[in-house]
Amino acid sequence: MDNNQYLMISAYGSYFAEIPHYFVTAPGRVNLIGEHTDYNDGFVLPIAIDRRTYATARPMYGDLVKAKSVGFDDMEEFNIREDLKKRDRWVDYLMGVVDEMKKDSYNLNGFWALFRSDVPIGSGLSSSAALEVASGLLIASLFEHDIDRLELAKIARRAEQNFVGVNCGIMDQMATLLCAEDNALFIDCRDQSYKQVPVAFEDAGFMVVDTKVKRELDNSAYNERRSQCEAAVAAIAGKKKSVAALRDADIKDLEGIAGDVDEVIIKRARHIISENDRVLKAVKMLEAKDAGGFGSLMYESHESLQHDYQVSCDELDRVVEIARKTDGVLGARMTGAGFGGCAVALVKKGREQAFADAVGAAFAPPESEDTETDKKNEQDQPPLPEVFSVKPVEGASVQKLDIKS
Ligand code: ADP
Ligand code: MG
């Protein structure tokens with residue numbers, strides 16, 4: 001039994017005075033390249049990371065669900081047979097999964113569940129998908145439903161869309177469920193087909209920089225980008241019928257609509273079209289174990305997100321600038337929806353600390369002569385970015401526990 005499992009089982013005992021029957025883990029993820037391509041029927045390339053959500057539970061007679069997440073509010077309770085209503089609390093993700101499973105006529109009963117996570121919450125590493133997937137796998141195991149992993153990803157996504165109310169793509173849930181150790185997951189978002197691509201650079205690995213800038217999931221900016229992409233598709237399709245989404249367009253198609261639409265529409269479309277192209281090239285770079293080539297594509301992706309798609313922010317741009325200036329950093333880009341959250345970088349082995357130090361130094365508040373003022377300023381300062389290595393791990397796992405009391 002590993003340490004996380006041991007800790008969860010003993011915590012379960014102290015919250016519920018019971019012994020759990022199943023233990024589940026579900027990783028967070030970081031998208032290496034392919035940003036904002038998902039809702040354009042395009043390509044993405046995430047890895048599951050060694051930061052996980054853990055869950056453990058047992059079924060209980062009756063209809064009552066009790067759920068606790070370490071570090072979040074009190075115990076939550078709901079009746080599994082009742083019409084579930086959103087509470088604007090963490091338990092919405094669990095209730096959303098229950099709700100979608102009920103819609104699919106899975107037979108469910110009461111259970112008591114405990115969750116804990118070391119995925120940073122709300123940073124763009126998809127703690128939400130990890131929670132949904134952990135919930136789904138746990139419930140499927142408790143009530144002996146054998147659900148295909150892609151099907152479970154769809155249930156988890158619908159939970160986030162319909163119950164929580166976030167219009168998310170399928171990447172996060174697929175990455176959490178379907179990634180393999182030491183592989184990235186290439187996903188074609190048009191038909192949700194996927195393939196594993198080995199990550200086997202000889203002397204480089206990925207690092208995440210969590211800027212701690214809270215990504216105000218700026219719904220209006222996100223919806224605006226989506227409708228700008230639709231406007232580009234409509235204009236191109238007027239001339240080239242085979243274009244149903246930006247995934248089908250190429251850069252030359254943009255010349256054809258140059259006078260017809262606003263320049264900003266062209267910029268948005270140029271990002272999506274070039275980004276899809278970069279994902280395909282990135283897969284080739286992985287296959288060729290060409291870390292330098294992969295890194296250059298990451299920088300290009302960032303440029304495009306910064307200037308054409310305009311979803312970056314000062315802090316993310318600064319991180320990428322620092323990466324460019326730090327010897328041994330091969331590439332970096334913002335990852336996730338943007339406007340804050342995380343950057344991902346490809347760093348040569350042995351240069352990880354140098355990169356972390358460079359980020360730390362650039363974001364450190366300026367020192368003054370007066371230590372009292374420094375102390376006060378420290379309290380007013382926004383939190384400093386956190387820089388850590390990540391490795392591509394296996395997707396979610398379930399274990400049946402056989403604990404004697
Ligand atoms: P991200 O998925 O990038 O971390 P989101 O805003 O999509 O950010 O999801 C964060 C939300 O998910 C949190 O505010 C919380 O409601 C929920 N959440 C994620 N992990 C947990 C957890 N382990 N326990 C309870 N709630 C969680
Ligand atoms: Mg999320």
Side-chain angles (χ1 to χ4, degrees), residues 4 7-8 11-12 15 23-31 35-36 38-39 44 46-49 51-57 65-78 86-98 112-138 153 156-177 208-219 221-222 311 313 316 334-344 386 388 390 396:
N4 284 306
L7 287 174
M8 283 297 283
Y12 192 90
Y15 284 113
F23 175 75
V24 164
T25 72
R29 64 96 188 94
V30 64
N31 190 23
E35 222 60 74
H36 287 274
D38 56 346
Y39 52 85
V44 294
I47 55 171
I49 59 173
R51 296 283 185 123
R52 296 180 177 87
T53 293
Y54 305 94
T56 191
V65 175
K66 287 192 191 185
K68 165 77 193 166
S69 183
V70 176
F72 285 79
D73 303 331
D74 300 326
M75 188 75 73
E76 296 278 353
E77 294 190 8
F78 60 91
K86 196 176 169 203
R87 296 179 180 172
D88 290 318
R89 295 200 295 269
W90 74 269
V91 76
D92 290 345
Y93 293 86
L94 172 64
M95 290 198 294
V97 171
V98 166
W112 293 357
L114 177 69
F115 297 86
R116 186 178 74 75
S117 187
D118 54 33
V119 184
I121 308 275
S123 291
L125 300 177
S126 213
S127 68
S128 59
L131 177 57
E132 292 146 21
V133 163
S135 303
L137 266 185
L138 197 56
R157 179 206 195 178
R158 291 204 311 266
E160 185 149 348
Q161 289 184 321
N162 299 337
F163 202 90
V164 182
V166 176
N167 191 6
C168 59
I170 188 81
M171 164 173 64
D172 300 353
Q173 293 79 9
M174 282 184 72
T176 300
L177 277 158
V208 164
V209 181
D210 181 356
T211 64
K212 304 280 175 80
V213 177
K214 281 301 160 204
R215 170 174 59 100
E216 309 261 311
L217 225 206
D218 196 327
N219 262 325
Y222 182 78
V311 289
C313 64
L316 288 165
M334 56 156 277
T335 181
F339 306 112
C342 292
V344 58
E386 204 183 322
F388 51 93
V390 289

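Start at 1 and go down the list; that is how both ligands and their atoms are numbered. Atom set for the values below is all heavy atoms of this structure, side chains included, hydrogens, waters and symmetry mates excluded.
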N, O or S from S127 under 2.8 Å to the Mg ion (ligand 2): no
Close-contact set for ligand 1 against G124 heavy atoms, below 4.0 Å: 3 (O)
Shortest reach to atom 20 (N) of ligand 1 by a heavy atom, considering only D172, D118, I121: I121
All pairs passing salt bridge (Lys or Arg N to Asp or Glu O under 4.0 Å) where residues 113-123 contributes a residue, at least two apart: none
Region of L131 engaging ligand 1 - heavy atom pairs below 4.0 Å: side chain
Quiz item: cation-pi between R87 and F78, 6.0 Å / 45°: no
For Y12 against W112, the heavy-atom pair lying closest together: OH-O, 2.7 Å
Per-residue contact class, L125 against ligand 1 - non-hydrogen pairs under 4.0 Å: backbone
Nitrogen or oxygen atoms of S127 and ligand 1 under 3.5 Å apart: yes
Within the 6.0 Å centroid threshold, strictly below: Y222 and Y39: yes
4.0 Å heavy-atom contact, F115 with ligand 1: no
For ligand 1, the portion of S69 having any non-hydrogen atom under 4.0 Å away: side chain
Partners passing side chain to side chain contact (heavy atoms under 4.5 Å, CB included) against S127 (at least two apart in sequence or in another chain): V119, I121
Ligand-residue contact atoms, ligand 1 with S117, heavy atoms, under 4.0 Å: 23 (N)
Shortest reach to atom 8 (O) of ligand 1 by a heavy atom, considering only A130, G122, S123: G122
Check: F388 and P120 side chains under 4.5 Å, non-hydrogen atoms: yes
Qualifying residue, where the test is salt bridge (Lys or Arg N to Asp or Glu O under 4.0 Å) with E76 and the options are R89, K66, K68: R89
Shortest non-hydrogen contact between L316 and M334, atoms and distance: CD1-CB, 3.8 Å
Selected option - heavy-atom contact closest to atom 7 (O) of ligand 1, from A337, S128, A67, P120: S128
Per-residue contact class, A129 against ligand 1 - non-hydrogen pairs under 4.0 Å: neither
